[in-house]
Amino acid sequence: MGDDTRRNMALFPIGIVMKLTDLTARQIRYYEQNDLIQPARTEGKQRLFSFNDVDRLLEIKALIEKGLNIAGIKQVLQLNDPTPVQTEITTTSETKRKEMSDKDLHQLLRQQIMYRNATRHGEGALIRGELSRFFH
DNA sequence: GTTCTAACA
DNA sequence: TGTTAGAA
């Protein structure tokens, strides 16, 4: 069993995740509604989170504390995530990599630079205003 | 006892 | 976001 498989196994209920992340159930469910996370469900509709889900929630929490809204978080998360979910076993040299248009690539780089500039220096309230200006 | 959805003095 | 009601 691969390590990645292990990280993606749905293991704990929302109660555990609340303690692990210091987020309220309300917040966790709200982030799910906004597609920031997609925990698995039991037959009884109860959410089951994986280690990856928890890590993701911790990042979301950090970004929220930096003053970002859902829209901003989605963009930042996609910067690190564009998770090329590629199958490693490709007998042909034909990879199904998603192509990015030049426009998308440039926008991505621009956002990365703005995020660094805004995040590197301060940590206080100064940042909040600037970040929200970038991502709002 | 926990979690879920929906709704709001 | 908090909180609450009613159901599972």
Side-chain angles (χ1 to χ4, degrees):
Chain A
M1 192 179 288
D3 214 58
D4 188 64
T5 303
R6 208 178 322 250
R7 286 177 187 283
N8 284 309
M9 289 196 295
L11 299 175
F12 14 71
I14 199 167
I16 301 295
V17 179
M18 288 174 68
K19 295 176 181 175
L20 258 34
T21 63
D22 273 304
L23 290 170
T24 64
R26 176 80 165 81
Q27 289 177 299
I28 296 173
R29 295 179 183 127
Y30 179 70
Y31 301 150
E32 180 191 24
Q33 283 196 313
N34 287 280
D35 304 309
L36 263 37
I37 52 172
Q38 33 257 209
R41 295 293 186 118
T42 65
E43 293 180 20
K45 300 303 179 184
Q46 291 194 191
R47 272 163 274 249
L48 287 183
F49 302 77
S50 66
F51 276 96
N52 277 172
D53 290 325
V54 175
D55 283 343
R56 202 182 178 74
L57 282 171
L58 288 174
E59 280 202 30
I60 293 172
K61 184 193 174 194
L63 293 173
I64 285 290
E65 292 174 337
K66 281 179 179 285
L68 295 207
N69 54 30
I70 279 66
I73 294 177
K74 280 185 180 177
Q75 295 182 53
V76 175
L77 246 40
Q78 289 179 64
L79 295 183
N80 314 305
D81 228 27
T83 318
V85 185
Q86 285 189 52
T87 306
E88 297 185 33
I89 310 172
T90 45
T91 45
T92 66
S93 59
E94 204 173 294
T95 54
K96 295 182 179 178
R97 183 181 311 162
K98 289 183 179 178
E99 298 296 339
M100 260 194 288
S101 68
D102 284 1
K103 180 185 177 185
D104 291 334
L105 181 57
H106 287 154
Q107 184 185 325
L108 200 65
L109 293 173
R110 181 176 61 74
Q111 292 181 345
Q112 284 190 12
I113 293 173
M114 289 198 298
Y115 182 65
R116 292 207 191 90
N117 289 334
T119 205
R120 182 174 303 168
H121 311 302
E123 296 159 33
L126 289 175
I127 282 301
R128 296 176 188 169
E130 299 197 21
L131 282 178
S132 55
R133 227 186 297 154
F134 291 146
F135 299 117
H136 183 281

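Just so it is clear, the model here is predicted, and its values are computed rather than measured. Below, all heavy atoms of this structure are taken into account, side chains as well, without hydrogens, waters or symmetry copies. Naming convention: chains lettered A, B, ... in sequence-line order (proteins, then strands); numbering from 1 in each chain.
OP1 or OP2 of C/dT1 lies within a sub-4.0 Å distance of a side-chain N or O belonging to A/Tyr31.
Sorted by residue number, the members of residues 7-22 of chain A with any non-hydrogen atom under 4.0 Å from DNA chain B read A/Pro13, A/Ile14, A/Gly15. For residues 36-52 of chain A, proximity to DNA chain B is found at A/Arg41, A/Lys45, A/Gln46, A/Arg47, defined as any non-hydrogen atom under 4.0 angstrom from a strand atom.
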If you apply the rule salt bridge (Lys or Arg N to Asp or Glu O under 4.0 Å), what do you find for A/Arg6 with A/Asp3, and how did you get there? CA-CA 5 Å; A/Arg6 208 178 322 250; A/Asp3 214 58; 3.7 Å; yes
Pair A/Arg7, A/Asp55 - check side-chain contact (heavy atoms from CB on, under 4.5 Å), show working. CA-CA 10 Å; A/Arg7 286 177 187 283; A/Asp55 283 343; 4.1 Å; yes
Give the dot-bracket line for DNA chain C from 5' end to 3' end: parentheses for intra-strand Watson-Crick or G-U pairs under 3.5 Å, square brackets for crossings, | for inter-strand pairing, dots for unpaired. .|||||||
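Taking atom CD1 of residue A/Ile28 and atom P of nucleotide B/dT3, one finds them 10 Å apart after rounding to whole Å. Between A/Tyr30 atom OH and B/dT5 atom P the separation is 16 Å, expressed in whole Å. Distance CZ (A/Arg29) to P (C/dG2): 12 Å, rounded to an integer number of Å.
Tracing side-chain contacts under 4.5 Å through hydrophobic residues (I, L, V, M, F, W, Y), one reaches A/Leu63 starting from A/Ile70; they form part of the same cluster. Under the 4.5 Å side-chain heavy-atom criterion for ILVMFWY residues, a single connected hydrophobic cluster contains both A/Leu57 and A/Leu11. Following chains of ILVMFWY side-chain contacts shorter than 4.5 Å, one can reach A/Met18 starting from A/Leu23, so the two form part of one hydrophobic cluster. Linking ILVMFWY residues whenever their side-chain heavy atoms come closer than 4.5 Å, directly or via other members, places A/Ile28 and A/Ile64 in the same cluster. A/Leu58 and A/Leu48 are members of different hydrophobic clusters when ILVMFWY side chains are connected at heavy-atom separations under 4.5 Å.
Side-chain contact between A/Lys61 and A/Gln27 is absent, with no heavy atoms from C-beta onward closer than 4.5 Å. You'll find the side chain of A/Arg41 stays beyond 4.5 Å of the side chain of A/Gln46, heavy atoms only. With contacts defined as side-chain heavy-atom distances shorter than 4.5 Å, the pair A/Phe49/A/Ile16 does not qualify.
A/Asn34 contributes no side-chain N or O that, together with a main-chain N or O of A/Leu36, makes up a donor-acceptor pair within less than 3.5 Å.
Contact annotation for A/Leu23: no contact, since no heavy-atom pair falls under 4.0 Å across all strands.
Under 3.5 Å, the side chain of A/Arg26 and the base of C/dT3 form at least one donor-acceptor pair of N or O atoms.
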